[in-house]
Number of protein chains: 2
Amino acid sequence: MSEKHQLTLKDIAKELGLAVSTVSRALKSHPDISKETIKLVKDYADKHHYVPNLLAVNFRKSKTYNIGLVIPELVHQFFSTIISGVIKEANEYGYNVMICQSNEHVDDEKKVAKALLNSRVDGVIISLSNETDEVSHLKDFIAADIPVIQVDKISDQFDTPKVIVNDYAGAYQAVSYLLDLGYKRIAHIRGRLIVQHSNERYRGYAEALEKHGQSVNEDYVKVCDLLTEDEGFHFAQELMSLPEPPDAFFCVTDLVALGVMKYLREKDIKVPDEVGIIGFSNWKLGEIVSPTLCTVDQPGYEIGEKAMQLLLNKINNGMESPNERVVLNADLIVRESVKKQ
Amino acid sequence: MSEKHQLTLKDIAKELGLAVSTVSRALKSHPDISKETIKLVKDYADKHHYVPNLLAVNFRKSKTYNIGLVIPELVHQFFSTIISGVIKEANEYGYNVMICQSNEHVDDEKKVAKALLNSRVDGVIISLSNETDEVSHLKDFIAADIPVIQVDKISDQFDTPKVIVNDYAGAYQAVSYLLDLGYKRIAHIRGRLIVQHSNERYRGYAEALEKHGQSVNEDYVKVCDLLTEDEGFHFAQELMSLPEPPDAFFCVTDLVALGVMKYLREKDIKVPDEVGIIGFSNWKLGEIVSPTLCTVDQPGYEIGEKAMQLLLNKINNGMESPNERVVLNADLIVRESVKKQ
DNA sequence: ATTGATTGCACAAACGATTGCGAGAATGTC
DNA sequence: GACATTCTCGCAATCGTTTGTGCAATCAAT
């Protein structure tokens with residue numbers, strides 16, 4: 001069953017008394033080759049389980065069929081969902097995905113970028129680290145004719161196709177929902193000022209308030225640094241100690257929302273009756289805590305799929321193709337941490 | 001900065017008036033080449049940023065420097081941790097990791113196995129799906145001289161190096177801890193009977209009881225099918241309705257433990273004072289719920305690292321090397337869901 | 001000065017698939 | 001029957017690197 005030596009075109013050619021080139025063309029049904037020869041070759045190849053040597057093919061075509069995927073961290077539900085989408089789409093077209101982590105550090109990001117460049121990937125999908133504020137290391141890819149797609153955390157300093165989630169609309173929807181439910185004083189625990197996401201979500205928050213005749217009360221807006229549960233806990237404490245504490249929290253991410261929830265539970269403040277909470281990102285654990293966490297879903301899988309499609313398009317149709325910007329919807333998922341309608 | 005044409009050995013040879021072979025050997029400091037020539041070549045290569053064409057190198061060596069990693073599902077904290085360990089170790093030695101999901105289905109597992117075979121990976125690391133009960137599709141790898149390492153969910157029908165966690169010892173430690181804290185009636189919500197993990201954890205549970213002068217009360221043992229939170233909730237309900245309900249739960253996995261916790265909270269049963277809970281796997285969310293969940297940590301990252309090391313060993317030292325079986329410790333992580341000591 | 005060993009490098013084949021070009025056979029045209 | 005056209009296929013180069021072998025030149029020993 002298992003030969004020591006993998007079957008090659010040469011073997012087939014010798015066996016069939018044909019030239020290697022003829023066999024090669026026959027397998028591709030090249031018009032230069034007669035129907036009979038094609039059938040002969042294909043039958044023989046099938047029968048003996050010929051499978052082209054990928055190394056040789058790739059070498060010849062100087063294509064690695066590898067694409068690089070750079071993400072802040074692998075062990076993270078949102079990113080692993082993206083990865084899953086990328087891999088599924090990539091495999092469908094015969095590409096492998098090399099996963100690299102930046103660990104949210106721009107230095108690591110530069111390191112893996114260089115490694116990907118050296119390993120001659122056919123393309124790159126990247127979600128920037130929180131630290132990244134300049135993208136010179138990415139422009140090297142373009143210089144080397146390697147297409148890049150940005151997803152999720154993107155930089156507008158760098159003109160590539162992009163796949164992002166409509167953070168603004170998701171946030172707007174969430175805050176509007178809170179207002180419609182009758183919550184009056186909505187706090188926002190937001191992310192860092194240099195992160196586009198945070199800004200977009202803040203914008204959604206602000207505009208939803210304004211649309212409902214309120215204006216942003218800066219006392220109700222807190223800026224997280226690391227987006228941890230502790231920060232959520234801490235800011236909840238601060239906010240709930242105000243003379244007029246908020247009656248709802250819209251948090252930049254679920255983990256922070258859970259920190260808020262923890263504080264409220266400790267203080268025996270009822271969620272959702274006294275205070276409502278909405279998070280962002282739809283982490284698994286939001287379904288498990290109780291009350292379950294109302295959140296905004298980010299379609300990670302679709303982001304991955306779409307990004308890979310855009311990348312394939314760039315790879316095949318060249319760098320001249322326009323740099324599309326795909327915006328996916330972030331939808332509110334209503335759960336127990338907000339009042340019933 | 002960016003040449004259209006990547007620098008090759010030929011270019012260097014022509015420029016330096018040497019033969020291609022000399023340049024090649026010089027770059028590797030081959031003893032046949034004089035010190036001066038070596039320096040000359042290396043300096044030139046450095047200066048002009050020569051980087052060997054991986055495609056050509058791999059082709060020549062007929063090595064893909066790709067390894068396959070087959071796991072049940074990517075979007076799962078434990079597996080993504082393993083992946084992370086594998087990738088880190090693989091990258092250190094210039095290998096890429098192709099991640100494939102079996103989705104816990106043996107059919108998908110067979111499919112990806114065939115794909116990996118065709119893509120001529122240099123080796124495979126696999127964690128079997130829950131459905132897998134025969135391993136013929138894996139023996140194809142051995143027939144093709146592609147080394148395989150099994151991790152976590154393994155089959156003893158298939159003689160390869162293996163990396164597993166000492167589930168037995170972890171469970172034993174957990175249950176002993178409960179007993180030492182004074183819990184008397186310890187229930188066990190376990191996994192399916194055909195899954196080796198579950199059996200090992202059960203064994204640890206049983207032996208810990210016996211060591212402490214108890215014997216297993218089968219009324220206190222429940223078998224989960226899908227390991228969901230709902231099952232935990234449900235079995236907690238059943239068990240707490242017994243005339244003599246348990247005063248502690250040892251659960252096969254954290255998610256089930258959280259289901260138990262949810263039920264107890266609904267019934268206002270105090271954790272850990274009235275009932276203690278220990279889970280298994282150390283999921284992120286166990287740190288976030290309150291009370292935080294006591295659990296047994298499975299060192300996913302180390303599993304991945306070690307598996308990759310074993311694979312590299314097989315790849316480099318040939319198939320004759322002995323099939324080591326590495327057993328890593330699963331350590332108890334004490335948190336709030338059990339009484340203080 | 002002849003032999004022998006050693007050093008330092010070049011030549012060329014090889015890996016397996018792809019592809020431009022050309023050649024021979026078969027067929028058709030006048 | 002001479003010539004052009006079409007159909008099939010083979011030849012050979014090519015991608016960039018590695019590596020076995022051979023060949024001068026140098027040096028030492030006899």
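The chains referred to below are lettered A, B, ... by the order of the sequence lines, with proteins before strands, and numbering in each begins at 1. What you see below is based on every heavy atom in this structure, not just the backbone, and it leaves out hydrogens, waters and symmetry mates.
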Chemist: Checking Ser21(A) against Ser24(A): is there a side-chain donor and acceptor pair closer than 3.5 Å?
Modeler: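 Their side chains do not contain a donor-acceptor pair, so the 3.5 Å distance test is not met.
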Chemist: May I have the distance from Leu9(A) (atom CG) to dC9(D) (atom C1'), rounded to whole angstrom?
Modeler: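 It works out to 15 Å between those atoms.
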Chemist: Mind checking Ser62(B) for me? I need base, sugar-phosphate or nothing, with any heavy atom below 4.0 Å counting as a touch.
Modeler: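 Ser62(B): no heavy atom of the nucleic acid under 4.0 Å.
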Chemist: Taking salt bridge (Lys or Arg N to Asp or Glu O under 4.0 Å) as the definition, give me every residue that meets it alongside Asp46(B), ordered by chain and number, with sequence neighbours left out.
Modeler: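 Listed in chain order: nothing, the list is empty.
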Chemist: Just how far, in rounded Å, is P of dC15(D) from CG of Asn53(A)?
Modeler: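 Distance check: Asn53(A) CG to dC15(D) P gives 19 Å.
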Chemist: Which part of the nucleic acid does Asp32(B) contact within heavy-atom distance under 4.0 Å: base, sugar-phosphate only, or nothing?
Modeler: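 Base contact - Asp32(B) has a heavy atom under 4.0 Å of at least one base atom.
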Chemist: Between Arg25(B) and Pro52(B), which has a closest nucleotide on DNA chain D that is more 5'?
Modeler: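 Whichever sits nearer the 5' end wins; that is Pro52(B).
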Chemist: Checking contacts here: which listed nucleotide (dG10(D), dC9(D), dC15(D)) is nearest the side-chain heavy atoms of Phe59(A)?
Modeler: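 Closest of the options to the side chain of Phe59(A): dC15(D).
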Chemist: What is the ring orientation for His48(B) with Tyr44(B), classed by angle as parallel under 30°, tilted 30 to 60°, or perpendicular over 60°?
Modeler: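 His48(B) vs Tyr44(B) ring planes: parallel.
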Chemist: Can you work out whether Ala56(B) or Ile33(B) has the more 5'-proximal nearest nucleotide on DNA chain C?
Modeler: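 With Ala56(B) and Ile33(B) compared, the 5'-side residue is Ile33(B).
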Chemist: Can you tell me the distance, in whole Å, between the NZ atom of Lys14(A) and the P atom of dC11(D)?
Modeler: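 To the nearest whole Å, that distance equals 14 Å.
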Chemist: Let me know the distance between NE2 of His30(B) and P of dT17(D), rounded to the nearest Å.
Modeler: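 For the pair His30(B) NE2 and dT17(D) P, the rounded distance is 17 Å.
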Chemist: Which is more 5' along DNA chain C, the nucleotide nearest Val51(A) or the one nearest Ser21(B)? Just name the residue.
Modeler: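 First, find each residue's nearest nucleotide; the 5'-ward one identifies Ser21(B).
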Chemist: Could you list the residues that satisfy ring pair (Phe, Tyr, Trp, His ring centres under 6.0 Å) with Tyr65(B), not counting sequence neighbours?
Modeler: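 Applying ring pair (Phe, Tyr, Trp, His ring centres under 6.0 Å) to Tyr65(B) gives Tyr95(B).
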Chemist: Can a side chain N or O of Ser34(A) be found less than 4.0 Å away from OP1 or OP2 on dC9(D)?
Modeler: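 So the side chain of Ser34(A) is within the cut-off, an N or O lying under 4.0 Å from OP1 or OP2 of dC9(D).
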Chemist: Test Val86(B) against every option in Val151(B), Thr81(B), Ile125(B), Leu311(B) by the side-chain contact (heavy atoms from CB on, under 4.5 Å) rule and name the one that passes.
Modeler: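 It is Ile125(B); the other options fail the test.
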Chemist: Rounded to whole angstroms, how far apart are CG on Leu7(B) and C1' on dT17(D)?
Modeler: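 The distance from CG of Leu7(B) to C1' of dT17(D) comes to 14 Å, rounded to the nearest Å.
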Chemist: At the 4.0 Å heavy-atom cut-off to chain B, mark where contacts on DNA chain C begin and end, going 5' to 3'.
Modeler: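 Span of nucleotides near chain B: dG8(C) to dG16(C).
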Chemist: NA contact type, Lys10(B), heavy-atom cut-off 4.0 Å: base, sugar-phosphate, or nothing?
Modeler: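 Sugar-phosphate, no base atom in range.
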Chemist: OP1 or OP2 of dT17(D) versus the side-chain N and O atoms of Tyr50(B): is any pair under 4.0 Å?
Modeler: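 Answer is yes, contact under 4.0 Å.
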Chemist: Taking atom C1' of dC15(D) as reference, at what distance in whole Å does atom CD of Gln6(B) sit?
Modeler: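 From Gln6(B) CD to dC15(D) C1': 14 Å.
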Chemist: Please tell me whether Asn323(A) and Lys162(A) have a donor and an acceptor in their side chains that are separated by less than 3.5 angstrom.
Modeler: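 No.
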Chemist: To the nearest Å, give me how far apart CD1 (Ile12(B)) and C1' (dT17(D)) are.
Modeler: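 Interatomic distance, CD1 of Ile12(B) to C1' of dT17(D): 12 Å.
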Chemist: Tell me if a side-chain donor or acceptor on Asn130(B) pairs with a main-chain N or O of Glu104(B) at a distance below 3.5 Å.
Modeler: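 Answer holds: no.
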Chemist: Which is true for Leu18(B) with a 4.0 Å heavy-atom rule: it touches a base, it touches only sugar-phosphate, or it touches nothing?
Modeler: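 Contact class for Leu18(B): sugar-phosphate only.
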